[in-house]
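Have a look at the structure below, then the notes.
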There are 2 protein chains.
Amino acid sequence: MTEYTAESLAKTLREAIIRFSRRIRQARPVGELTFSQLSALTSLQLHGALTPRELADLERVQPPTMTKIVGKLEDRGLVARTPHPTDGRQVILAATDEGRAVYARNEQVRNEWLAVQLDRLTPEERDTLARAAEIMLRVARA
Amino acid sequence: MTEYTAESLAKTLREAIIRFSRRIRQARPVGELTFSQLSALTSLQLHGALTPRELADLERVQPPTMTKIVGKLEDRGLVARTPHPTDGRQVILAATDEGRAVYARNEQVRNEWLAVQLDRLTPEERDTLARAAEIMLRVARA
DNA sequence: CATGCTCATTAGCTAGGCTAAGTATCGTGA
DNA sequence: TCACGATACTTAGCCTAGCTAATGAGCATG
């Protein structure tokens with residue numbers, strides 16, 4: 001096994017991430033949800049209802065940024081805002097039925113390009129990517 | 001070894017990428033180069049002189065986007081634009097001495113947070129990330 | 001040498017990200 | 001109980017990054 005120093009790996013990994021994410025973004029179907037919108041909607045699906053703050057923390061953005069993203073989703077009727085039962089300051093965000101439908105459709109189209117690419121890899125390579133994804137999520141949480 | 005389908009992996013990987021890259025972006029030192037600017041400068045360092053079109057292709061953005069990024073770098077004296085010797089339409093981009101200096105300083109600061117995180121991982125985990133990075137770069141090129 | 005192609009840029013748009021400031025509500029200590 | 005600090009969200013204002021469409025300049029070829 002080749003040994004990598006943390007420094008040289010940091011450089012390579014950063015390059016890979018930026019190129020790769022740009023490539024994924026390009027595979028976006030026109031007129032549908034953006035990267036960030038889909039990501040927020042996904043979090044709402046997976047975690048059920050969340051406050052803006054919780055969603056912002058999960059998505060690793062600042063609250064005002066999340067206000068904007070949620071605003072777009074709300075404009076399209078994909079997310080609903082309801083008042084918190086006991087705390088008047090807070091708001092509860094949840095995906096609507098239409099949000100869930102749009103999510104499912106978009107998710108599939110969105111993953112299509114990537115899934116095709118991944119399908120061309122060997123099982124070992126997919127395994128490497130899967131384990132790397134877990135590590136990256138863990139590091140991102142730190 | 002666990003088997004991952006291309007579909008489920010696509011989903012996980014996309015989530016990891018977006019979270020991870022947001023986290024990296026947050027570790028940006030104030031008043032220095034942005035993610036995209038540093039990436040472009042890096043390509044210029046590694047490949048020597050390039051035309052805007054070549055640089056845009058490398059960075060996976062459209063030419064007008066690269067015009068903007070290079071413009072910022074040029075304003076700060078980090079990149080020089082010289083006319084192509086034989087083809088009057090083209091332009092040659094190259095990092096200046098100051099560009100190389102700023103690059104080196106920034107690169108180090110930029111990688112610091114990530115390097116610290118990576119240093120906490122096991123050698124096996126670093127190896128996984130390194131191999132994943134290579135695969136991602138290859139896929140991004142496709 | 002006219003016409004069509006290529007390269008780069010400009011113009012104009014949208015999304016996404018930030019900080020600072022504002023507003024409403026909560027909770028608590030005097 | 002009520003004044004005041006803390007908290008939650010939004011608004012305002014800014015910048016970067018990305019796109020497409022259109023423009024202009026230069027090249028190359030029939």
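Worth saying up front: this structure is predicted, and the values here are computed from it rather than measured. Chain identifiers are assigned alphabetically (A, B, ...) following the order of the sequence lines, protein sequences preceding nucleic acid strands; residue numbering begins at 1 within each chain.
- Taking for each of A:Thr86 and A:Thr65 the nucleotide of DNA chain C with the nearest heavy atom, the 5'-most of the two is the partner of A:Thr65.
- Relative to the side chain of A:Thr67, the nucleotides D:dT10, C:dT10, D:dT16 differ in distance, and D:dT10 lies closest.
- For the pair B:Gln62 CD and C:dG12 C1', the interatomic distance rounds to 16 Å; values are reported in whole Å.
- Here the nucleotide nearest the side chain of B:Arg81, chosen from C:dC26, C:dA15, C:dT9, is C:dT9.
- Here the side chain of B:Lys72 is nearest to one of D:dA17, C:dT19, D:dG26, namely D:dA17.
- Rounding to whole angstrom units, CG of residue B:Leu73 and C1' of D:dT16 are separated by 12 Å.
- Note: CG (B:Leu33) to P (D:dC15) measures 18 Å, nearest angstrom.
- Residue A:Ser36 is classed as a sugar-phosphate contact, given heavy-atom separations below 4.0 Å to backbone atoms only.
- The 5' end of DNA chain D is approached more closely, in terms of each residue's nearest nucleotide, by A:Val91 than by the other of A:Val91 and A:Lys68.
- Atom CZ in A:Phe35 sits about 22 Å away from atom P in D:dT16, given to the nearest Å.
- Atom CZ of A:Arg89 is separated from atom P of D:dA8 by 6 Å (rounded to the nearest Å).
- Between the CZ atom of B:Arg53 and the P atom of C:dT9 there is a distance of 12 Å, given to the nearest Å.
- To the nearest angstrom, P of C:dT9 lies 14 Å from NE2 of B:His84.
- For the atom pair CG of A:Leu129 and CD1 of B:Ile135, the computed distance is 4.5 Å after rounding to the nearest 0.5 Å.
- The backbone N or O of A:Ala6 lies less than 3.5 Å from no partner atom in the side chain of B:Arg126, so there is not a single donor-acceptor pair.
- The pair A:Arg100-A:Asp97 meets the salt-bridge criterion, with a side-chain N (NZ, NE, NH1 or NH2) lying under 4.0 Å from an Asp/Glu carboxylate O.
- Residue A:Glu74 contributes atom CD, which lies 10 Å from atom P of D:dT11 at whole-angstrom precision.
- Here B:Pro52 lies in heavy-atom contact (under 4.0 Å) with sugar-phosphate atoms only.
- With no hydrogens or angles considered, a side-chain donor-acceptor pair links B:Glu59 and B:Ser43 at under 3.5 Å.
- In terms of heavy atoms, A:Thr12 sits closest to B:Ala133 at CG2-CB, 4.0 Å.
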